[in-house]
Number of protein chains: 2
Amino acid sequence: MAVTIKDVAKRAGVSISTVSRVINESKPVSPEARRKVIKAIEDLGYRPNEIARSLVTKKSNVIGVIVDDIGSSYVAQIVRGIEEVGHMYNYDILLCSSYGDKEAEERFTQLLLQKQVAAIILLSEIYNEDVISYLKYSSIPFVYLNKYYNVLESPTVRINNYLASKKVMDFLIEYGHRRIAYVTQEKDIDITIEKHKLLAYNEAMEYLGNTPNIYKVDGHTISVGYELGYKIHKDITNNEITAIYCCDDEIAIGLINYCYDNNIYVPDDLSIVGYGNISIASYIRPKLTTIMEPYYDIGAVSVRKLSKILANESSEEETIELPVQLVIRDSVKNIN
Amino acid sequence: MAVTIKDVAKRAGVSISTVSRVINESKPVSPEARRKVIKAIEDLGYRPNEIARSLVTKKSNVIGVIVDDIGSSYVAQIVRGIEEVGHMYNYDILLCSSYGDKEAEERFTQLLLQKQVAAIILLSEIYNEDVISYLKYSSIPFVYLNKYYNVLESPTVRINNYLASKKVMDFLIEYGHRRIAYVTQEKDIDITIEKHKLLAYNEAMEYLGNTPNIYKVDGHTISVGYELGYKIHKDITNNEITAIYCCDDEIAIGLINYCYDNNIYVPDDLSIVGYGNISIASYIRPKLTTIMEPYYDIGAVSVRKLSKILANESSEEETIELPVQLVIRDSVKNIN
DNA sequence: ATGAAAGCGCTAACAT
DNA sequence: ATGTTAGCGCTTTCAT
């Protein structure tokens, strides 16, 4: 049987309230009593039961985190941010993976609520307004992070995708590229961030006086990028395009691998830009030039926001926009 | 205010015991009462408070997981395994990152204990026997996973590193390599898995009648592997060695990158083998030939073991050994 | 089959 | 400054 506050009180020869007081430093305790209590706690190896504590205080200092897939590299980075600053604010992390399943997102939300978490961070890749409604309805503080979709109005932390996209295009143009293709996601384009990224791309092409050249893919994996290589092989070797701007690092990396395997030299034959700056981006060769999404910071800022809400120092509504940066590495050639 | 079991009871016109009974299906309830209770639950949107439940049942169905760094790719894979099969067994995951800090490991262990977790999985990369002793002393079911160290006797899930290493050497020899170097970790070699890997390497070299050629590094990152490139550049270009077997994928990848950047062609000029099969291994070019450590399975099996212990179906002591596999890709040349 | 009541380990109001 | 007590939301005897 675990040792409880009663055991400590008995051993120290004081009441349980006194013990509670020294543990929580909630009220003054005489030096004498404090000494005895501390001694008893050490002798017995007592550790307060957080479950019992939460029950009475109605606080859990646990943040529930529902992610798409913890095995995914950018997800792990965000969770790292959540975890690290979470612990600074004294929060623990209860982690669930939904694997892109709508129902799982909702089920886990309920579960976390039952676990009396103080707040929820939902990191999703799918379109699921129901869970947002549910979260709002539950009136639990939450942050909603979606890599692709613009879902409803909800507190979130993100970058400005239009501006990011503009940075890429400005850079490509500065490096002398004119025939630039963009690889976008075909699915739900109007309600995803692709809408904004595409806008910047189209504006830049219009500025150049060139017709946009858009490839559509479905999926965000490296193999999708690789397969894209087959489809556009001719366009590349024809020299119809000099640069490809990909909506995801994964697509860009798949494409780079395709090129490597088919003797197309990046960046000499073709320049490639990614989006995200996942960790592999700096390890593949050539190193990928890409937009850096500050994953760690997104997690970190989300927790900070939540902790402010929980301390009543902030309202829930605002969405936070983090600065973007273009990381220039080796996958784009200056053809001026 | 959240709705409680009392509210449900009142609304249904029954006692809270009856409500509890229908929730838990713990005792027979008349169809009539059950109907009313279910109705009330739905009307009120009632969800039992898991905190209160845990307090009385003294069960938490939460598994505490302490990892080194959730941002690390292999860690994320293991956690994925833990999380996914954990949820199948109805466990939730409370996650902490120690970032290689001894004290953090101990602090989090205490914290998790206070949170009344049902079991703990400790995933460490450092040498810390204290935390194992503490865990044993607390008599909480736990699994101890350490990527490098052989720490004390403790329940664990791992691969047979000697056998794995032997597989690598057999393969290299089969492919005609004779002058094979091994890159090992210089730190604490006698109490780490390097001892076993090295043994297999040395035995193979003895079998070949060649003197072992061992490079020592300190650290498990890609940049450590890259820096190793500088040091052994001459050995490679001298053709003194035809193959390098690296103790970590990261080292191998760093080395491959060094070669790429310095016009040494892998595998034509030099064959490289890794260890681990982290996700990048199949994305870099040339694709890395390596030992597959089944990270996901290590996590999955750990949870299964724990769940058996918690159900009194297994003792804590045994260590589980998972099968190893050599993944043959493109970084080794057949020079027969 | 059902309800009353005790109690899980703790905090916090109240009393002294 | 300290002790007594109620009660957090729930499960589980124990009666009935």
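Keep in mind that the numbers below use all heavy atoms, side chains included, and drop hydrogens, waters and symmetry copies. In what follows, chains carry the letters A, B, and so on, assigned in the order in which the sequence lines appear, proteins first and then strands, with residues in each chain numbered from 1. What you see is a predicted model, and the numbers here were worked out from it, not measured in a lab.
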Tell me the interatomic distance from [X], atom [atom1], to [N], atom [atom2], rounded to whole angstroms.
{"X": "A/Asn24", "N": "C/dA12", "atom1": "CG", "atom2": "P", "result": "7 Å"}
{"X": "A/Glu50", "N": "C/dT11", "atom1": "CD", "atom2": "C1'", "result": "12 Å"}
{"X": "A/Arg35", "N": "D/dA1", "atom1": "CZ", "atom2": "C1'", "result": "16 Å"}
{"X": "A/Lys36", "N": "D/dA1", "atom1": "NZ", "atom2": "P", "result": "15 Å"}
{"X": "B/Gln116", "N": "C/dC10", "atom1": "CD", "atom2": "P", "result": "8 Å"}
{"X": "B/Asp7", "N": "D/dC10", "atom1": "CG", "atom2": "C1'", "result": "13 Å"}
{"X": "B/Asn61", "N": "D/dC10", "atom1": "CG", "atom2": "P", "result": "15 Å"}
{"X": "B/Glu25", "N": "D/dT11", "atom1": "CD", "atom2": "C1'", "result": "15 Å"}

Does [N] have its OP1 or OP2 closer than 4.0 Å to a side-chain nitrogen or oxygen of [X]?
{"X": "A/Lys59", "N": "C/dT11", "result": "no"}
{"X": "B/Thr4", "N": "D/dC8", "result": "no"}
{"X": "B/Asn49", "N": "D/dC8", "result": "no"}
{"X": "A/Lys27", "N": "C/dA13", "result": "no"}

query = Is A/Glu32 salt-bridged to A/Arg35, cutoff N-O under 4.0 Å?
reply =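 Judged by the 4.0 Å cut-off on N to carboxylate O distance, A/Glu32 and A/Arg35 do form a salt bridge.
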query = Would you call A/Asp43 and A/Lys39 a salt bridge, using N to O less than 4.0 angstrom?
reply =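 Yes.
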Checking contacts here: which listed nucleotide ([options]) is nearest the side-chain heavy atoms of [X]?
{"X": "A/Val56", "options": "D/dT4, D/dG7, C/dT2", "result": "D/dG7"}
{"X": "B/Arg53", "options": "D/dT11, D/dA1, C/dC8", "result": "D/dT11"}
{"X": "A/Lys58", "options": "D/dT11, C/dA12, D/dC8", "result": "D/dC8"}
{"X": "B/Val29", "options": "C/dA12, C/dT2, C/dC8", "result": "C/dT2"}
{"X": "B/Pro48", "options": "D/dC10, D/dC8, D/dT2", "result": "D/dC10"}
{"X": "A/Arg21", "options": "C/dA4, D/dG3, C/dC10", "result": "D/dG3"}
{"X": "A/Thr18", "options": "D/dT11, C/dA12, D/dG3", "result": "D/dG3"}

inquiry  = Please verify the inter-ring angle class for B/Tyr74 with B/Tyr295; under 30° counts as parallel, over 60° as perpendicular, anything in between as tilted.
reply    =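 Answer is tilted, since the angle falls between 30° and 60°.
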message = Tell me whether the rings of B/Tyr134 and B/Tyr137 are parallel (<30°), tilted (30 to 60°) or perpendicular (>60°).
response =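 Ring orientation of B/Tyr134 relative to B/Tyr137: tilted.
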query = Are A/Val157 and A/Leu145 close enough that some pair of their side-chain heavy atoms sits under 4.5 Å apart?
reply =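 In contact.
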ask   = Taking for each residue the nucleotide of DNA chain C bearing the nearest heavy atom, is the 5' side occupied by B/Thr57 or by B/Ser15?
value =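 It is B/Ser15, whose closest nucleotide lies nearer the 5' terminus.
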ask   = 5'-most contact on DNA chain C: B/Pro31 or A/Ile51, nearest heavy atom basis?
value =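 The answer here is B/Pro31.
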ask   = For A/Ile16, which contact category applies under a 4.0 Å heavy-atom criterion: base, sugar-phosphate, or nothing?
value =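 Answer is base: heavy atoms of A/Ile16 come under 4.0 Å of a base.
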inquiry  = Under 4.0 Å, counting only non-hydrogen atoms across every strand here, what does B/Ser20 touch: a base, just sugar-phosphate, or nothing?
reply    =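 Here B/Ser20 touches the bases of the nucleic acid.
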ask   = Under the 3.5 Å rule, do the base of D/dT4 and the side chain of A/Ser17 count as making a donor-acceptor pair?
value =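 Yes, a donor-acceptor pair under 3.5 Å.
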ask   = Side chains of B/Asn49 and A/Lys58: donor-acceptor distance under 3.5 Å anywhere?
value =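 The criterion, which ignores hydrogens and geometry beyond distance, is not satisfied for A/Lys58 and B/Asn49.
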